[in-house]
Protein chains: 2
Amino acid sequence: MDRKSISDVIENYLKSILGNDEQIEIRRSEIANHFDVVPSQINYVIKTRFTLQNGYLVQSKRGGGGYIRIERVKLLDDVDVLDMLIDAIGSSISENDAFDVIKTLYREKVISRREGDLMLVALSKHTLDMNDHNAENKLRARLLVAFLNRLRYES
Amino acid sequence: MDRKSISDVIENYLKSILGNDEQIEIRRSEIANHFDVVPSQINYVIKTRFTLQNGYLVQSKRGGGGYIRIERVKLLDDVDVLDMLIDAIGSSISENDAFDVIKTLYREKVISRREGDLMLVALSKHTLDMNDHNAENKLRARLLVAFLNRLRYES
DNA sequence: CATCATCTGACTAATACTGACCATTATGAT
DNA sequence: ATCATAATGGTCAGTATTAGTCAGATGATG
């Protein structure tokens, strides 16, 4: 009785060749060939099993000599604080509220002054320069959440 | 593992003969011959890997005694170079070109790894998540130029 | 049988490589 | 001086080689 899907098998295979290394580089078509599945299934496996939440960072390059690189990253201690903030931000946030979040991060020593300044520049109304206030606030939320997610780990 | 493209090999070769020197001069046909590729591939390698975004200035001369000169430059030290860079970015920039700029800043030790990573997520296609490709590239250019100007008036 | 996970393939996007044709510069003959 | 020729590098469009996306089909599970 073999309950394991081929996706599970591929997942285990990739983890086994990752072994103790920090990262591996694979050819999508090679893996797909090896397990006799369509290439896009490799994307499916990666998307469902090698997420940031699981501690993996994935990068790729197309074209000749292309590859998919899977990297293991170390999750940090501030994860709880960051998750709470991410939850509070939701899908939209004003400039002032975003600035408050940065101040909080700085006060909690999660980020340095310089890092905070760089984030502020990116979140400012002036830089985003959009007509649609609603779209601006949504974009700002995406940027801020992306920052917070990046702070969850080190590589 | 023979996964690197010949362009990658040529890139590394040029960087190795550049070494610690400020600049090198090569003959296009010689390099092409050495790696058994058509001469125009050298142009391709230079165009994709030795851009100003990558921290290189390239000049050339045709005709007898012609050459291609590759010079390593620092992006922030020299006001002229920074202005050239901002000029090259213009009002629109792709994800890859923007990433190259951040990588160069990190290589020059103008920014820390973490600062670079934070900027990278802000500039990533995934974070910006816009339907309009054109609008996305314009926003990315505003963000990147804002970062550069922030760094310029600080160091 | 309802729902979620898995799997597929057609279409898209990015990168690499090639060769025909073009532009520039040096040199030597007249 | 002028011009022809040789010796360089540049451009661009077309082909090849990769990976990504997404909607729909299929399978597994409660």
Side-chain angles (χ1 to χ4, degrees), chain A residues 1-14 24-51 53-54 57-71, chain B residues 1-14 24-51 53-54 57-71 93-100 124-134 136-137 140:
Chain A
M1 201 75 83
D2 188 7
R3 296 214 138 67
K4 287 199 166 180
S5 66
I6 186 69
S7 287
D8 289 334
V9 176
I10 295 170
E11 172 191 3
N12 289 330
Y13 173 74
L14 292 177
I24 54 171
E25 276 181 14
I26 59 170
R27 262 181 228 264
R28 186 177 78 153
S29 57
E30 268 182 13
I31 305 295
N33 245 315
H34 189 255
F35 292 100
D36 199 29
V37 296
V38 294
S40 61
Q41 175 136 12
I42 308 306
N43 296 87
Y44 174 73
V45 172
I46 285 173
K47 200 179 157 196
T48 53
R49 291 150 163 90
F50 291 87
T51 64
Q53 300 291 329
N54 290 328
L57 205 55
V58 178
Q59 294 168 305
S60 64
K61 194 165 99 170
R62 308 186 197 187
Y67 57 80
I68 297 177
R69 176 188 305 146
I70 301 176
E71 182 185 357
Chain B
M1 282 290 207
D2 185 18
R3 76 154 33 85
K4 285 201 165 182
S5 66
I6 186 70
S7 286
D8 289 335
V9 175
I10 295 171
E11 172 192 1
N12 289 329
Y13 173 74
L14 292 177
I24 53 170
E25 276 181 15
I26 59 170
R27 259 183 232 272
R28 185 178 79 154
S29 56
E30 267 182 14
I31 306 294
N33 244 315
H34 189 255
F35 291 101
D36 198 29
V37 297
V38 295
S40 60
Q41 176 136 14
I42 308 307
N43 297 87
Y44 174 74
V45 172
I46 286 173
K47 198 179 156 199
T48 52
R49 290 148 164 90
F50 291 88
T51 64
Q53 285 87 352
N54 291 123
L57 266 183
V58 177
Q59 294 166 307
S60 64
K61 197 168 91 170
R62 307 188 196 187
Y67 58 81
I68 298 177
R69 177 188 305 147
I70 301 176
E71 182 186 359
I93 188 171
S94 72
E95 184 181 52
N96 274 348
D97 284 349
F99 282 12
D100 283 343
S124 83
K125 186 187 206 68
H126 180 257
T127 300
L128 299 184
D129 189 28
M130 304 183 69
N131 291 325
D132 185 352
H133 226 221
N134 210 273
E136 175 194 317
N137 286 340
R140 182 177 294 112

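The sequence lines fix the lettering, A, B, ..., with proteins before strands; numbering per chain opens at 1.
Ranked by how close their nearest DNA chain D nucleotide is to the 5' end, B:I68 and A:K47 are led by B:I68.
Counting distance only, with no hydrogens placed and no angle test, the side-chain atoms of B:R28 and the base atoms of D:dG10 include a donor-acceptor pair under 3.5 Å.
Rounded to an integer number of Å, the gap from B:H126 NE2 to D:dT21 C1' is 13 Å. Atom CG in B:N131 sits about 13 Å away from atom P in C:dA13, given to the nearest Å. Whole-Å rounding puts the B:E30 CD to D:dA7 P distance at 15 Å. For A:I42 and C:dT6, the CD1 to P distance is 14 Å, given to the nearest whole Å. Rounding to whole angstrom units, CD1 of residue B:I46 and C1' of D:dT11 are separated by 14 Å. Distance A:N33 CG to D:dT18 P: 12 Å, rounded to the nearest Å. The nearest whole Å value for the distance from the CZ atom in A:F35 to the P atom in C:dT8 is 14 Å.
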Show your reasoning for whether salt bridge (charged side-chain N to carboxylate O under 4.0 Å, His left out) applies to A:E11 and A:R49. CA-CA 7 Å; A:E11 172 191 3; A:R49 291 150 163 90; 3.0 Å; yes
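With B:E25 contributing its side chain and B:Y67 its backbone, the two residues share no donor-acceptor pair below 3.5 Å.
Residue B:N43 has its side chain nearest to D:dG10 when only D:dT21, D:dT18, D:dG10 are considered.
In this structure, B:D97 and B:T51 have side chains that are not in contact, with every pair of non-hydrogen atoms separated by 4.5 Å or more. Contact annotation: the side chain of A:K4 approaches that of A:N12 to within less than 4.5 Å [non-hydrogen atoms, C-beta and beyond]. Inter-residue side-chain proximity for B:K61 and B:R69 is flagged as unmet; no heavy-atom pair is nearer than 4.5 Å.
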How does protein contact run along nucleotides 15-28 of chain C, one letter per nucleotide 5' to 3', with B for base contact, S for sugar-phosphate only, - for none, heavy atoms under 4.0 Å? BBSBB---BBBS--
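Residues that satisfy the ring pair (Phe, Tyr, Trp, His ring centres under 6.0 Å) test with A:H34, not counting sequence neighbours, are A:Y13.
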